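These numbers were taken from a predicted model, which means no experiment stands behind them.
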Amino acid sequence: MNVKFYIKTVGCQMNVLDSELATADLLQNDCTPAETMDEADIILFNTCSVREHAEEKVYSALGRLRSWKAKHPQGVLGVMGCMAQKDGKLIFRRAPEVNLVLGPGRLNELSDAIARIAKSGTPELLLSSNRLHSGQTAAEVRASFHQYDRPRLLQARDSRYQAMVRIMFGCNKFCTYCIVPSVRGPEQSRPMKEIVQEVKSLVEQGCREVMLLGQTVNNWHVQDESGDYYMADLLERLNDINDLWRIRFVSSYPTGMTNRLLEAVRDLERVMPYLHVPAQHGANSVLKRMKRMYTVEEYRDLLDRIYAIIPGAAVTSDFIVGFCGETEEEYLKTVELVRYGQFKNSFIFKYSPRPGTKSAELYEDDVPEEEKKRRNNDLLAIQTEISQKLNNAFLNQTVSVLVEGPSLLTQKEQMRDAGVSPLPVVSNLETAIQMTGRTPCDRIVVFNGKPSLAGTIQQVQIKEIAPFTLAGELVR
């Protein structure tokens, strides 16, 4: 029997990686990917809990699958990821069609759970311990979040040439607005030897760029019989891997950005000069309510150190507007920090309270929605202006681009011409199409080239500039 599965992923890179690992697991258990939900026997939603809107979209999508469930009474409809861990049994009540709820700390049980459901028809609820309310020791809670990184399968990845590698699990920061420590568990660093071996195996599959992932990735730290190792040590070890061209890492916590780490980014040829360091706000009073554990002055000092130590570094950040009690004066402090930071890009979000977080418990969500929208739009406009100005410096410059494949425009055109929804495989036809790739400083570049250029590094002269994209011509 040919069992088909379909995975819908919402959220951050962690979720994207979890979906890849789940795909590899199912492929190794004789399942095959379905092109659409309608033809799938297993549908899995890998979910995010950072914002309420993302959760409500998942619940709406689950409700629309009642007809699918009627056609597939023995099918498995599952919710994985952060929303699964946070809502638990509530998912069964709100979406009775669901018969699998699986937290991110129990991903290692996915295939076994599906097999049990297929045999018994009984729904399964598999969650890790709640570190806030379980009454268990820290070690017991940590043990309930199983580290899970299966052997990497090329056919489970979207790109042959790029891959994400998890080096840490969980978070211990407990920012008041954030649900991640509850749903992803306590901070745990993977052993260096395990990470190095995984990257080597990816390189053997043709991977040329890795993105190291962690909620506070720069706090990676392990101890073994030979000593203490920190993020700079890991980068040095990975930098020695032959045929690995580029290394990036996200997301960094400001207080863990040491000069030694910055010097490693500068000095190691394979480590790219791109850093994502979320600031979240520009007012000390709000940072204190957020429990971010640094001041604006310390964050500005970090920016000064980054730009002084790493010439040409690109820095991106995250900001929340409309946090509990945010005044106009406090919001304008964020505007000041965005202008000071000269970020390549910023991810800007309106605050929404998340049940289970300290801000939802301690503070009133008292900034009107219209005011949140205004501040959000104004800050986006300011960041777009800064991004445009920074990109203008690339006009007529030649940049090094790791080619990823056809651009989104080309992909959409191919799907339209083929009359299909899923992304088709690019043919070997060597006609020029619009391709895309990234510079060392993580700027997106589009240019006309042949599909066979994917996975190579090309020199592109920039001819057109937009705030978040560069367009150019191959240098012959």
Please check this pair: side chain of Lys463 against backbone of Ala471, looking for a donor-acceptor N/O pair closer than 3.5 Å.
no
For residues 233-242, which residue pairs qualify under side-chain hydrogen bond (donor to acceptor under 3.5 Å, both in side chains), counting only residues two or more places apart or in two chains?
Asp233-Arg260
CA sep, side-chain torsions, deciding dist, call: Tyr177, Arg354, side-chain contact (heavy atoms from CB on, under 4.5 Å):
CA-CA 7 Å; Tyr177 56 83; Arg354 310 308 297 126; over 6 Å; no
Side chains of Ser189 and Ile167 in contact at under 4.5 Å (non-hydrogen atoms):
no
Does the pair Glu370/Lys373 count as a salt bridge with the N-to-O cut at 4.0 Å?
yes
Answer whether the closest heavy-atom distance between the side chains of Val475 and Val460 falls below 4.5 Å.
no
Which distance, rounded to the nearest 0.5 Å, do you find between the OG1 of Thr176 and the NZ of Lys288?
12.5 Å
Nearest 0.5 Å please: distance from the NZ atom of Lys333 over to the CD atom of Glu328.
13.0 Å
With a 3.5 Å distance limit and no angle check, can you tell me whether Asp228 reaches the backbone of Gln223 through a side-chain donor-acceptor pair?
no
Any chance CD of Glu464 has more than 12 other-residue heavy atoms, nucleotides or ligands included, within less than 6.0 Å?
no
Please set out all donor-acceptor pairs under 3.5 angstrom arising from side-chain atoms of residues 313-325, sequence neighbours excluded.
from, atom 1, to, atom 2, distance (Å)
Thr316, OG1, Tyr274, OH, 3.1
Thr316, OG1, His276, ND1, 2.7
Ser317, OG, Val277, O, 3.2
Ser317, OG, Ala279, N, 2.9
Ser317, OG, Tyr299, OH, 3.4
Asp318, OD1, His276, NE2, 3.1

Find the distance between CD1 (Ile43) and NZ (Lys4) and round it off to the nearest 0.5 Å.
13.0 Å
Heavy-atom distance under 4.5 Å between the side chains of Lys57 and His53, does that happen here?
yes
Which atom pair, heavy atoms only, marks the closest approach of Leu212 to Leu235?
CD1-CD2, 4.0 Å
First locate atom CG of Leu44, then atom CG of Leu110, and finally report the distance between them rounded to the nearest 0.5 Å.
6.0 Å
Does the side chain of Phe45 come within less than 4.5 Å of Val10's, by heavy atoms?
no
State, without any angle test, whether Ser285 and Glu330 hold a side-chain donor-acceptor pair at a distance under 3.5 Å.
yes
For residues 439-447, dump all side-chain donor-acceptor pairs below 3.5 Å to protein atoms at least two apart in sequence or in another chain.
from, atom 1, to, atom 2, distance (Å)
Thr439, OG1, Cys441, N, 3.3
Thr439, OG1, Asp442, N, 3.4
Thr439, OG1, Arg443, N, 3.0
Asp442, OD1, Arg438, NH1, 3.4
Arg443, NE, Asn391, OD1, 2.7

Gap separating the CD atom of Glu269 from the CE atom of Met272, nearest 0.5 angstrom:
8.5 Å
Hey, are the side chains of Met211 and Val165 touching, using non-hydrogen atoms and a 4.5 Å cut-off?
no
Partners passing side chain to side chain donor-acceptor pair (under 3.5 Å) against Lys86 (at least two apart in sequence or in another chain)
Glu55
In terms of side-chain geometry, is the basic nitrogen of Glu187 or Lys173 positioned less than 4.0 Å from the acidic oxygen of its partner?
no
Does the pair Arg166/Glu198 count as a salt bridge with the N-to-O cut at 4.0 Å?
no
Find the distance between CE (Met290) and SG (Cys175) and round it off to the nearest 0.5 Å.
8.5 Å
Are side-chain heavy atoms of Met435 and Glu404 found at a separation under 4.5 Å?
no
Does the side-chain contact (heavy atoms from CB on, under 4.5 Å) test come out yes or no for Val265 and Phe249, once each step is laid out?
CA-CA 10 Å; Val265 174; Phe249 56 93; 3.9 Å; yes
Answer whether the closest heavy-atom distance between the side chains of Leu474 and Lys450 falls below 4.5 Å.
no
Under a 4.0 Å N-O cut-off, is there an ion pair linking Asp378 with Arg374?
yes
Under 3.5 Å, is there a donor-acceptor pair between the side chain of Asn15 and the main chain of Thr9?
no
Does Met80 offer a backbone N or O that forms a donor-acceptor pair with the side chain of Thr47 under 3.5 Å?
yes
Basic-acidic side-chain contact under 4.0 Å: Arg375, Glu371:
yes
Flag side-chain contact, heavy atom, 4.5 Å: Ile247 against Leu244:
yes
Short side-chain donor-acceptor distance under 3.5 Å, Ser387 and Asn345:
no
Between the main-chain N or O of Tyr161 and the side-chain N or O of Ser159, is there a donor-acceptor pair closer than 3.5 Å?
yes
Donor-acceptor pair, distance only, cut-off 3.5 Å: does the side chain of Asp224 make one with the backbone of Gly227?
yes
Can you check side-chain contact (heavy atoms from CB on, under 4.5 Å) on Met168 and Asn218, steps first, answer last?
CA-CA 10 Å; Met168 294 178 67; Asn218 54 329; over 6 Å; no
Listed by chain and number, what are the salt bridge (Lys or Arg N to Asp or Glu O under 4.0 Å) partners of Lys358, not counting sequence neighbours?
Glu361
May I ask you to decide if Arg152's main-chain N or O and Gln205's side chain share a donor-acceptor pair within less than 3.5 Å?
yes
With a 6.0 Å cut-off (strictly less than), is the heavy-atom count around CG of Asp366, excluding the residue itself, greater than 12?
yes
Look at atom CD of Glu56 and say whether more than 12 heavy atoms of other residues, nucleotides or ligands are closer to it than 6.0 Å.
yes
Given salt bridge (Lys or Arg N to Asp or Glu O under 4.0 Å), test Arg270 with Asp243 step by step and report yes or no.
CA-CA 10 Å; Arg270 292 181 170 92; Asp243 295 324; over 6 Å; no
Indicate whether any N or O donor in one side chain lies under 3.5 Å from an N or O acceptor in the other, for Gln458 and Thr456.
yes
Donor-acceptor under 3.5 Å (Glu20 side chain, Val16 main chain)
no
Show, in sequence, the C-alpha distance, side-chain angles and deciding distance for Arg305 and Asp301, and conclude whether the salt bridge (Lys or Arg N to Asp or Glu O under 4.0 Å) test is met.
CA-CA 6 Å; Arg305 287 189 290 120; Asp301 174 70; 3.2 Å; yes
Any chance the side chains of Gln461 and Gln397 put a donor and an acceptor closer than 3.5 Å?
no
Judged by modelled atom types alone, do Asn392 and Gln388 share a side-chain donor-acceptor pair under 3.5 Å?
yes
Residue list, side-chain contact (heavy atoms from CB on, under 4.5 Å) with Pro151, at least two apart or on another chain
none
Working note: Val222 + Tyr229, criterion side-chain contact (heavy atoms from CB on, under 4.5 Å); need CA distance, chi angles, decisive distance, verdict.
CA-CA 5 Å; Val222 296; Tyr229 297 97; 3.9 Å; yes
Heavy-atom donor-acceptor pair, Trp220 side chain to Gly214 backbone, under 3.5 Å:
no
Donor-acceptor pair, side chain of Thr436 and main chain of Ser407, under 3.5 angstrom
no
Any salt bridge linking Arg289 with Glu326? Criterion: basic side-chain nitrogen under 4.0 Å from a carboxylate oxygen.
no
